[in-house]
Amino acid sequence: MTTMTETSARFREFKMPDVGEGLTEAEILKWFVQPGDTVTDGQVVCEVETAKAAVELPIPFDGVVHELRFPEGTTVDVGQVIIAIDVAPGSGDAPAPAPAAAAPVQEPVEAAGSGDGDAPKGRTPVLVGYGVAESSTKRRPRKGASAAPEAAAVAAAVQAELNGHAAPAAAAPAPSVPAQAGAQDGGRPLAKPPVRKLAKDLGIDLATVVPTGKDGIITREDVHAAAAPTVAPGAAPVPPAPAPVTAEAPAAAVPASARETRIPVKGVRKAIAQAMVGSAFTAPHVTEFVTVDVTRTMKLVAELKEDKDMAGVRVNPLLIIAKALLVAIKRNPEVNAAWDEANQEIVQKHYVNLGIAAATPRGLIVPNIKDAHDKTLPQLAAALGELVTTARDGKTSPAAMAGGTVTITNVGVFGVDTGTPILNPGESAILAVGAIKLQPWVHKGKVKPRQVTTLALSFDHRLVDGELGSKVLADVAAILEQPKRLITWA
């Protein structure tokens with residue numbers, strides 16, 4: 001499907017593309033550009049969220065942003081025009097922007113763009129339009145246009161919202177706004193994207209911040225200074241977010257008197273909830289547990305961190321656990337399968353796409369390492385590191401979450417001993433890893449302090465019986481107790 005149209009020789013429109021097979025709509029999470037900004041071919045202009053994942057959309061031509069058709073937080077059907085680009089700026093008077101489709105006006109949010117027209121550097125746009133497995137997720141209907149306001153008033157309100165300012169009343173003249181020291185000619189304060197993100201997190205309007213940076217640029221210190229008076233006496237200032245992540249919804253101050261907060265369930269979080277319910281009530285789950293001494297594994301991790309062959313990759317216990325599970329699957333290949341309900345068949349997989357459950361601001365997602373069974377230990381470590389970083393940044397693509405066969409969920413990072421994990425839909429088994437703790441343990445006939453953890457393996461009892469599940473779990477435990485089995489059993 002074509003995602004852009006040519007309205008004239010000068011103006012071109014970019015449509016919401018098909019960001020995943022079977023999906024008909026997406027929500028605009030964030031605009032990285034504003035009207036008047038210069039864009040180049042391949043530059044990311046916005047981030048959208050579907051029931052599969054959040055995806056960045058690159059613009060396919062050069063020019064100047066003429067119009068944003070929808071504000072952040074709007075759900076847009078595939079094929080609708082979302083942005084208009086002036087591909088020949090300066091060639092004549094531009095027509096007035098068309099009225100934007102009405103949508104519930106969201107709380108003003110600063111865009112993450114630089115504000116000075118610079119294209120984001122170092123981004124690798126996520127490719128869109130490639131197929132993923134169809135989902136049974138029910139989409140919430142797109143909110144229709146309101147008939148109450150006149151079209152001109154709606155357009156003015158939406159455009160004001162996009163610019164991060166309150167819309168003036170239709171019948172009242174717009175009040176004059178004093179120029180800010182850190183504002184551009186268009187009235188938008190100068191600040192780098194991380195500073196805009198910080199201001200958004202702290203609920204600070206950059207238009208009210210006095211800049212102290214060079215050339216009138218607002219700095220992080222300026223934002224913190226503006227936020228300081230809002231902190232209650234005796235309360236600690238709110239620290240900035242440790243990493244740039246996109247929240248599920250625009251942050252809003254919660255009144256002290258509020259007794260509850262309602263958060264819309266949509267996008268990735270809604271798809272996760274429906275998938276987990278479907279899995280829990282479709283596949284008969286069985287969970288088995290084993291507690292194991294992993295002292296030797298922890299010593300191996302320490303040694304690998306000093307190994308020059310592992311330089312540049314992150315080495316942690318999860319790496320050894322992942323390798324142990326891959327070896328256990330190689331010894332018990334029947335566990336790596338799926339249940340085909342339509343054809344009443346067990347589908348044996350001769351490859352392992354190893355899923356790693358990752359907690360993100362949008363909820364739990366399970367990207368997977370493709371063909372993990374073929375990777376060496378350094379390659380597996382590099383793939384794990386890339387997977388975790390991408391998930392935490394909210395950039396996991398739909399393709400990265402499709403086709404998993406077996407999953408690991410590391411609940412130990414939260415200090416939890418173990419759990420009974422629910423299978424990722426379409427998979428046969430999931431291994432939960434508990435916290436590794438120093439505990440008294442009988443070792444060589446004496447009670448000694450040892451590093452101990454508890455493993456839990458949940459499996460689909462339609463295709464994995466108790467004997468097979470027990471063998472897999474016992475093999476993983478045996479490898480973690482004696483890591484040399486990674487060599488003798490491989």
Side-chain angles (χ1 to χ4, degrees), residues 285-307 309-310 313-332 335 354-359 364 366 372 377-378 380-381 384-385 388 406-424 429-459 461 464-490:
H285 284 58
V286 173
T287 305
E288 295 185 341
F289 309 88
V290 64
T291 302
V292 58
D293 177 3
V294 295
T295 304
R296 291 185 178 90
T297 288
M298 298 305 291
K299 289 181 179 178
L300 175 61
V301 169
E303 293 172 359
L304 289 175
K305 287 181 178 180
E306 304 299 325
D307 194 313
D309 291 331
M310 300 297 289
V313 296
R314 185 178 180 184
V315 178
N316 54 25
L318 180 60
L319 172 62
I320 307 303
I321 293 168
K323 192 65 175 178
L325 179 58
L326 292 171
V327 171
I329 292 172
K330 182 178 180 181
R331 287 166 54 85
N332 305 276
V335 76
L354 181 62
I356 304 294
L364 184 71
V366 188
L377 197 63
L380 186 62
L384 275 171
V388 172
V406 177
T407 291
I408 296 176
T409 178
N410 186 9
V411 298
V413 296
F414 305 108
V416 176
D417 290 335
T418 190
T420 55
I422 297 176
L423 292 168
N424 202 35
I430 179 171
L431 177 69
V433 182
I436 298 175
K437 299 179 180 179
L438 196 64
Q439 297 181 20
W441 192 263
V442 176
H443 178 68
K444 295 182 179 180
K446 297 181 179 179
V447 177
K448 297 182 179 180
R450 304 286 287 181
Q451 298 281 356
V452 176
T453 191
T454 299
L455 307 175
L457 183 72
S458 292
F459 48 88
H461 215 338
V464 180
D465 58 27
E467 179 185 12
L468 177 58
S470 299
K471 285 181 177 180
V472 172
L473 185 59
D475 280 357
V476 174
I479 292 171
L480 297 182
E481 187 174 17
Q482 294 282 355
K484 66 183 181 181
R485 292 190 173 105
L486 287 173
I487 300 174
T488 58
W489 287 1

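Predicted, not measured: the structure shown is a model, and the values here were computed from it.
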Restricting to pairs with a member in residues 435-447, which pass salt bridge (charged side-chain N to carboxylate O under 4.0 Å, His left out), not counting sequence neighbours?
->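 Output for this query lists D417-K437.
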Using side-chain heavy atoms (C-beta onward) and a distance below 4.5 Å, is [X] in contact with [Y]?
X	Y	result
T453	V292	yes
P317	V294	no
L384	R314	no
L457	V476	no

Separation of L455 CG from L325 CG (nearest 0.5 Å) =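 With rounding to 0.5 Å, CG (L325) is 10.0 Å from CG (L455).
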For [X], which residues count as a side chain to side chain contact (heavy atoms under 4.5 Å, CB included) partner, sequence neighbours excluded?
X	answer
V447	P440, V442
K305	V301, V315
V366	A357, T407, N424
D293	T295, W441, H443, R450

After noting the C-alpha distance and the side-chain angles of I422 and I430, does the key distance pass the side-chain contact (heavy atoms from CB on, under 4.5 Å) rule?
-> CA-CA 7 Å; I422 297 176; I430 179 171; over 6 Å; no
Closest contact, heavy atoms only, [X] versus [Y]:
X	Y	value
V464	G469	CG1-N, 3.7 Å
L354	A322	CD2-CB, 3.7 Å
G419	F289	O-CE2, 3.6 Å
G466	F459	CA-CZ, 4.3 Å

Dump the intermediate steps for side-chain contact (heavy atoms from CB on, under 4.5 Å) on L326 and V406, then the final yes or no.
-> CA-CA 9 Å; L326 292 171; V406 177; over 6 Å; no
So among T409, N410, I408, which one has a side-chain contact (heavy atoms from CB on, under 4.5 Å) with I356?
->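 Among the candidates, only I408 passes.
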Going by an N to O cut-off under 4.0 Å, is there a salt bridge joining K299 and E303?
->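 A salt bridge is absent here (no side-chain N lies under 4.0 Å from a carboxylate O).
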I'd like to check the side-chain hydrogen bond (donor to acceptor under 3.5 Å, both in side chains) partners of [X]; sequence neighbours left out, ordered by chain and number.
X	answer
T420	none
E288	S470
D475	R331, N332
D465	none

Between H285 (side chain) and S458 (backbone), is there a donor-acceptor pair under 3.5 Å?
->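 Pair absent, no side-chain N/O of H285 close to backbone of S458.
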Check: T454 side chain, V290 main-chain N or O, donor-acceptor pair, under 3.5 Å |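 The answer is no, because no donor-acceptor pair under 3.5 Å joins these two groups.
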Review item, side-chain donor-acceptor pairs of residues 478-490, under 3.5 Å, at least two apart:
unit_1 : atom_1 : unit_2 : atom_2 : d
R485   : NH1    : A478   : O      : 2.9

Those residues that, when tested against E306, pass salt bridge (charged side-chain N to carboxylate O under 4.0 Å, His left out) (two or more places apart) |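 Counting only residues at least two positions away or on another chain, E306 forms no salt bridge (charged side-chain N to carboxylate O under 4.0 Å, His left out).
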Dump the intermediate steps for side-chain contact (heavy atoms from CB on, under 4.5 Å) on I320 and L304, then the final yes or no.
-> CA-CA 10 Å; I320 307 303; L304 289 175; 3.8 Å; yes
